[in-house]
Amino acid sequence: MNTPKAVGTRRTVLAIAALGASALLLAMAGTPLLANQTAATTPTADTKPDVKVDAQECATCHETSVKGSRGTPHASLEQACGSCHGDVSGHLQSVTEKGEPGPITSLAKAKPADVNKTCLTCHEKGHQSTFAGSVHDRRDVSCTSCHSVHSFQSVRNQLKTARDQDTCFTCHQQIRAKGLRTSHHPVREGKIGCGDCHDPHEGSKPKMLKTEWITETCLTCHTEKRGPFLWEHAPVRENCALCHDPHGSNHDKLLVAKQPFLCQRCHLNTRHPGTLYDQTNTSAGRTTGGTGITTVSNRAVEHACKNCHQNVHGGNAPSGPYLGR
Ligand code: HEC
Ligand code: HEC
Ligand code: HEC
Ligand code: HEC
Ligand code: HEC
Ligand code: HEC
Ligand code: HEC
Ligand code: HEC
Ligand code: HEC
Ligand code: HEC
């Protein structure tokens with residue numbers, strides 16, 4: 001395999017279906033599939049490609065574009081440039097005879113919906129099969145907001161930036177800001193990426209996550225939290241994001257609030273006082289039965305709840321109910 005941008009095995013297998021065996025053989029030999037294209041078989045978006053056009057003829061005027069996609073799967077498409085740009089032979093004729101561009105489809109200027117339609121003629125499958133109707137699609141984010149066919153910067157996946165997260169940050173500034181907080185997933189350290197939890201093409205799952213629900217996403221890596229436990233804590237089963245912000249927090253361990261306030265979002269003075277600044281918890285507050293002596297609950301002041309309830313995510317010790325040890 002000595003194509004300039006190595007074509008992986010999986011992609012090669014897919015390419016068999018898309019391109020036919022003869023194209024594959026040429027691809028494997030590393031030959032750019034630009035010359036003498038044979039009959040078109042792949043349906044494309046509103047195009048009338050002329051199969052006689054040799055992409056080398058385009059290079060005289062569009063050298064950077066031709067170079068930019070050389071060695072990529074798109075350079076090996078049976079209809080070459082015509083796969084995306086429509087009537088390229090009409091254009092060629094027009095520029096040479098009249099000096100005018102004529103009938104050419106410009107994807108640099110096209111509306112997002114038209115770009116997506118063009119790309120999806122071939123890509124409405126795999127990860128991209130639910131893109132149409134996804135939040136990104138509905139908000140006019142197009143394939144070319146993140147990808148470039150001719151001037152991509154990433155080693156894989158033809159992204160506009162070298163690292164996938166930088167592609168996302170061009171729009172998601174708030175998420176970037178959260179990632180700079182003291183507690184964060186090691187995204188900026190490059191150990192995990194947005195794509196570990198999200199699929200930016202996903203249109204069928206909540207928040208473009210890779211799994212059907214949030215907790216399931218977290219458990220793909222944090223398997224020790226999966227349980228089942230002898231003593232369960234209901235919110236942990238329900239949704240990890242009730243207590244953690246996956247994108248970053250200034251509280252310890254990605255927590256959405258400081259302790260004990262985190263716990264007190266749900267637990268008020270049930271059974272034993274948990275509220276710090278409740279009057280029953282101040283020295284002037286609670287009076288014990290007729291003695292006139294005031295007491296302070298030892299369970300909240302100066303104690304985070306986890307001092308006693310260590311197994312916040314659930315525990316298995318037979319003698320440890322109430323999420324204790
Ligand atoms: C003789 C020079 C010449 C040749 C050869 C040529 N083009 Fe062009 N092409 C032009 C000119 C001039 C424009 C208009 C540029 C502009 O409007 O900025 C253009 C515009 C385009 C555009 C639209 C660019 C945009 O986004 O605005 C595409 C796509 C394109 N050409 C593709 C091709 C393809 C594919 C071939 C080969 C089949 C080809 N061209 C051959 C001169 C040429
Ligand atoms: C898979 C679809 C696809 C194929 C195949 C394709 N292009 Fe493009 N082309 C695009 C898109 C999308 C853009 C918009 C800029 C980008 O994504 O890089 C574009 C932009 C251009 C431009 C305008 C340059 C610019 O950045 O404004 C020219 C010229 C061009 N293509 C020529 C060609 C030529 C010549 C070929 C054949 C060698 C070709 N294209 C093959 C999708 C394609
Ligand atoms: C005529 C069919 C066709 C069209 C139209 C097309 N592609 Fe592709 N594309 C392919 C094939 C075939 C491959 C290689 C196999 C695969 O990944 O599905 C590919 C691969 C890709 C890849 C992966 C490249 C890599 O290095 O892994 C990206 C990203 C991509 N296309 C984006 C686009 C975008 C964006 C558009 C629209 C501007 C587009 N494609 C239009 C056929 C097409
Ligand atoms: C919001 C950014 C974004 C948009 C919009 C987007 N992609 Fe992608 N795409 C990515 C990223 C990032 C990857 C790398 C793999 C990943 O994280 O899913 C990728 C990977 C791919 C791949 C490589 C194979 C795969 O599925 O993993 C193809 C093909 C592809 N995209 C095609 C498209 C097409 C076609 C569109 C438009 C219909 C599109 N993408 C829209 C960001 C985007
Ligand atoms: C061109 C701008 C743009 C880029 C680039 C972009 N997004 Fe988005 N994204 C949006 C818009 C607009 C929305 C909808 C409003 C919002 O939630 O901010 C959105 C929403 C989302 C959502 C929420 C979906 C939901 O169901 O609420 C996720 C998750 C997301 N994007 C992930 C990503 C990832 C991951 C990347 C990088 C691979 C990325 N985005 C790149 C514009 C973009
Ligand atoms: C560890 C997993 C994980 C990583 C890594 C991750 N996200 Fe998320 N993201 C989530 C979860 C879970 C939600 C849903 C949160 C909710 O609904 O409470 C979400 C929601 C979002 C949303 C919707 C708005 C919001 O704040 O809820 C956007 C936009 C988003 N993520 C973008 C990104 C981007 C961009 C990256 C990369 C920098 C990224 N995410 C990395 C798990 C992750
Ligand atoms: C792709 C794997 C992956 C996924 C998915 C994932 N995490 Fe993580 N998580 C990590 C890694 C790696 C660390 C850092 C561990 C370390 O530094 O020792 C981490 C650390 C954490 C930490 C501790 C942070 C700290 O400051 O010490 C919390 C809390 C956490 N993750 C919660 C979540 C939640 C909630 C989700 C789901 C929204 C999630 N994780 C999804 C990989 C993942
Ligand atoms: C009721 C609130 C709550 C929920 C819900 C919750 N956590 Fe936590 N999590 C905490 C607290 C509090 C800490 C800090 C414990 C400490 O400081 O010792 C923590 C710490 C962590 C840590 C880092 C320390 C460790 O124990 O490894 C990870 C990873 C983590 N949680 C993952 C998850 C995952 C995954 C889920 C969902 C399955 C989840 N959490 C649900 C409250 C919660
Ligand atoms: C999102 C709401 C929520 C948050 C935040 C929360 N809890 Fe809970 N907790 C619950 C629910 C719901 C139950 C189950 C109540 C029941 O079964 O009656 C529960 C039960 C408990 C129990 C009793 C378990 C048992 O075995 O009966 C303890 C102890 C507990 N939580 C401690 C904590 C601590 C400590 C924190 C902070 C780290 C916390 N909780 C944060 C919702 C929450
Ligand atoms: C000094 C140890 C200690 C501290 C600190 C503590 N607890 Fe408890 N908690 C217990 C013990 C022991 C039980 C068992 C039942 C009882 O004695 O009331 C319990 C029971 C519970 C229960 C389950 C019983 C019920 O009331 O429904 C919840 C919920 C609870 N604690 C929440 C909290 C929260 C929230 C905090 C922090 C504000 C906290 N606890 C701080 C020791 C403690």
Side-chain angles (χ1 to χ4, degrees), residues 5-8 10-19 23 27 40-45 47 49 71-74 76-80 82-85 107 110 115-123 125-128 135-136 142-150 152 154-159 163-176 178-179 181-189 191-198 200 206-211 213-222 225 236 239-249 251-256 313:
K5 298 209 170 50
V7 175
R10 188 181 67 89
R11 186 179 302 139
T12 307
V13 172
L14 289 172
I16 296 175
L19 304 177
T41 50
T42 322
T44 56
T47 56
T72 69
H74 293 139
S76 332
L77 293 174
E78 285 202 48
Q79 299 166 26
S83 310
C84 298
H85 291 299
L107 289 173
V115 173
N116 291 344
K117 201 175 143 210
T118 303
C119 307
L120 288 173
T121 51
C122 297
H123 285 289
K125 58 181 180 171
H127 292 141
Q128 288 73 41
V135 174
H136 278 153
S142 74
C143 312
T144 50
S145 303
C146 301
H147 296 285
S148 171
V149 168
H150 301 295
F152 52 91
S154 64
V155 180
R156 293 187 300 124
N157 303 312
Q158 299 191 199
L159 296 171
R163 299 189 310 166
D164 80 338
Q165 69 211 68
D166 291 328
T167 295
C168 313
F169 290 154
T170 56
C171 298
H172 294 292
Q173 289 291 338
Q174 263 185 300
I175 305 283
R176 172 200 229 127
K178 281 185 173 181
R181 293 175 179 177
T182 49
S183 175
H184 57 272
H185 267 113
V187 171
R188 71 173 194 245
E189 290 80 359
K191 288 187 192 157
I192 70 172
C194 314
D196 280 305
C197 296
H198 297 286
K207 304 286 177 189
M208 296 189 157
L209 290 170
K210 292 174 113 176
T211 60
W213 54 307
I214 293 174
T215 305
E216 198 53 44
T217 299
C218 312
L219 293 176
T220 57
C221 296
H222 298 288
K225 306 276 187 286
V236 178
N239 182 353
C240 309
L242 286 169
C243 295
H244 297 287
D245 186 328
H247 303 120
S249 166
H251 305 298
D252 221 19
K253 310 286 181 201
L254 297 170
L255 292 172
V256 294
H313 303 99

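Just so it is clear, the structure is predicted and the values come from calculations on it, not from any experiment. Values below: all heavy atoms of this structure, side chains included; hydrogens, waters and symmetry mates excluded. Both ligands and their constituent atoms are indexed starting at 1 by order of listing.
Below 30°, between 30° and 60°, or above 60°: for His123 and His74 the angle between ring planes is above 60°, a perpendicular geometry.
Note that atom 24 (C) of ligand 6 has no protein non-hydrogen atoms nearby, at separations under 4.0 angstrom. For atom 9 (N) of ligand 7, the protein comes within 4.0 Å by at least one heavy atom. Within a 4.0 Å radius of atom 15 (C) of ligand 7, the protein has no heavy atom. Protein heavy atoms are absent from the space less than 4.0 angstrom from atom 18 (O) of ligand 7.
Counting the atoms of ligand 6 from 1 in the order shown, those under 4.0 Å from a heavy atom of Ile175 are 26 (O), 28 (C), 30 (C), 32 (C), 33 (C), 34 (C), 35 (C), 36 (C), 38 (C). Taking every heavy atom of Thr220 and a limit of under 4.0 angstrom, the matching atoms of ligand 7 come to 5 (C). Residue His172 has at least one heavy-atom neighbour below 4.0 Å for each of these atoms of ligand 6: 29 (C). Near Thr217, meaning under 4.0 Å from any of its heavy atoms, are these atoms of ligand 7: 5 (C). Atoms of ligand 6 found under 4.0 Å from any heavy atom of Phe169, numbered from 1 in the order shown, are 38 (C). Using a 4.0 Å cut-off to heavy atoms of Ala241, the atoms of ligand 6 that qualify are 18 (O). Ligand 3 places these atoms under 4.0 Å from at least one heavy atom of Ser83: 1 (C). Against a heavy-atom cut-off of under 4.0 Å, Gly193 is close to the following atoms of ligand 6: 5 (C). For ligand 7, the atoms sitting less than 4.0 Å from at least one non-hydrogen atom of Asp196 are 1 (C), numbered in the order shown with element in parentheses. Within ligand 7, the atoms closer than 4.0 Å to a non-hydrogen atom of Ser183 are 25 (C), 26 (O), numbered from 1 in the order shown. Taking every non-hydrogen atom of Pro246 and a distance limit under 4.0 Å, the qualifying atoms of ligand 6 come out as 10 (C), 11 (C), 12 (C), 42 (C), 43 (C). Within ligand 3, counting atoms from 1 as listed, the ones closer than 4.0 Å to a heavy atom of Cys143 are 35 (C). Here is the list of ligand 3 atoms found below 4.0 Å of a heavy atom in Cys122: 1 (C), 2 (C), 3 (C), 4 (C), 5 (C), 42 (C), 43 (C). The distance from ligand 7 to the heavy atoms of Cys240 drops below 4.0 Å at these ligand atoms: 35 (C).
When non-hydrogen atoms are compared, ligand 6 lies under 4.0 Å from the backbone of Cys194 as well as from its side chain. Looking at Lys125 against ligand 3, only its side chain comes within 4.0 Å, counting heavy atoms. Of the heavy atoms in His247, only side-chain atoms (C-beta onward) come closer than 4.0 Å to ligand 6. When non-hydrogen atoms are compared, ligand 3 lies under 4.0 Å from the backbone of Cys119 as well as from its side chain. At a 4.0 Å heavy-atom cut-off, ligand 7 touches His244 through the side chain alone.
Checked against a 3.5 angstrom limit, the closest N/O atoms of His123 and ligand 3 fall inside it. Every N/O-N/O distance between Thr121 and ligand 3 stays at or above 3.5 Å.
A pairwise comparison of heavy atoms in Leu254 and His184 identifies CD2-CA, 3.5 Å as the closest pair. In terms of heavy-atom proximity, Pro246 sits nearest to His244 at CD-O, 3.5 Å.
For His185, the nearest N, O or S atom to atom 8 (Fe) of ligand 7 falls under 2.8 Å. Put simply, His198 gets within reach of atom 8 (Fe) of ligand 6, with an N, O or S atom under 2.8 Å from it. Atom 8 (Fe) of ligand 7 has an N, O or S atom of His222 closer than 2.8 Å. Look at His74 and atom 8 (Fe) of ligand 3: an N/O/S atom of the residue is under 2.8 Å from the metal.
Using a 4.5 Å heavy-atom threshold, the side chains of Cys84 and Val149 count as separate. Using a 4.5 Å heavy-atom threshold, the side chains of Lys225 and Leu219 count as touching. No side-chain heavy atom of Ile214 sits less than 4.5 Å from a side-chain heavy atom of Lys207. A 4.5 Å side-chain heavy-atom check between Thr118 and Leu107 finds at least one atom pair inside the cut-off.
Ligand 7 is approached by Cys197 to a heavy-atom distance shorter than 4.0 Å. Heavy-atom separations between Asn157 and ligand 3 include at least one value shorter than 4.0 Å. At least one heavy atom of Ile214 sits less than 4.0 Å from an atom of ligand 6.
Closest to atom 12 (C) of ligand 7 among all protein heavy atoms lies Pro186 CG, 3.8 Å. Among all non-hydrogen protein atoms, the one lying nearest atom 22 (C) of ligand 7 is Leu254 CD1, 3.8 Å. For atom 38 (C) of ligand 7, the nearest non-hydrogen atom of the protein is Cys218 SG, 2.7 Å. Nearest protein neighbour of atom 4 (C) of ligand 7, counting heavy atoms only, is Cys221 SG, 3.2 Å.
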Legend entry - Verdict with supporting geometry, His247 and Gln174, side-chain hydrogen bond (donor to acceptor under 3.5 Å, both in side chains): CA-CA 10 Å; His247 303 120; Gln174 263 185 300; over 6 Å; no

Inset, instruction - Begin with the C-alpha distance, continue with both residues' side-chain angles, and end with the deciding distance and a verdict on side-chain hydrogen bond (donor to acceptor under 3.5 Å, both in side chains) for Ser249 and Ser183. - result: CA-CA 5 Å; Ser249 166; Ser183 175; 5.8 Å; no

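Distances from atom 42 (C) of ligand 3 to the heavy atoms of Val115, Leu77, Thr118 show the closest one on Leu77.
Distance alone, capped at 3.5 Å, places no donor-acceptor pair between the His313 side chain and the Val236 backbone.
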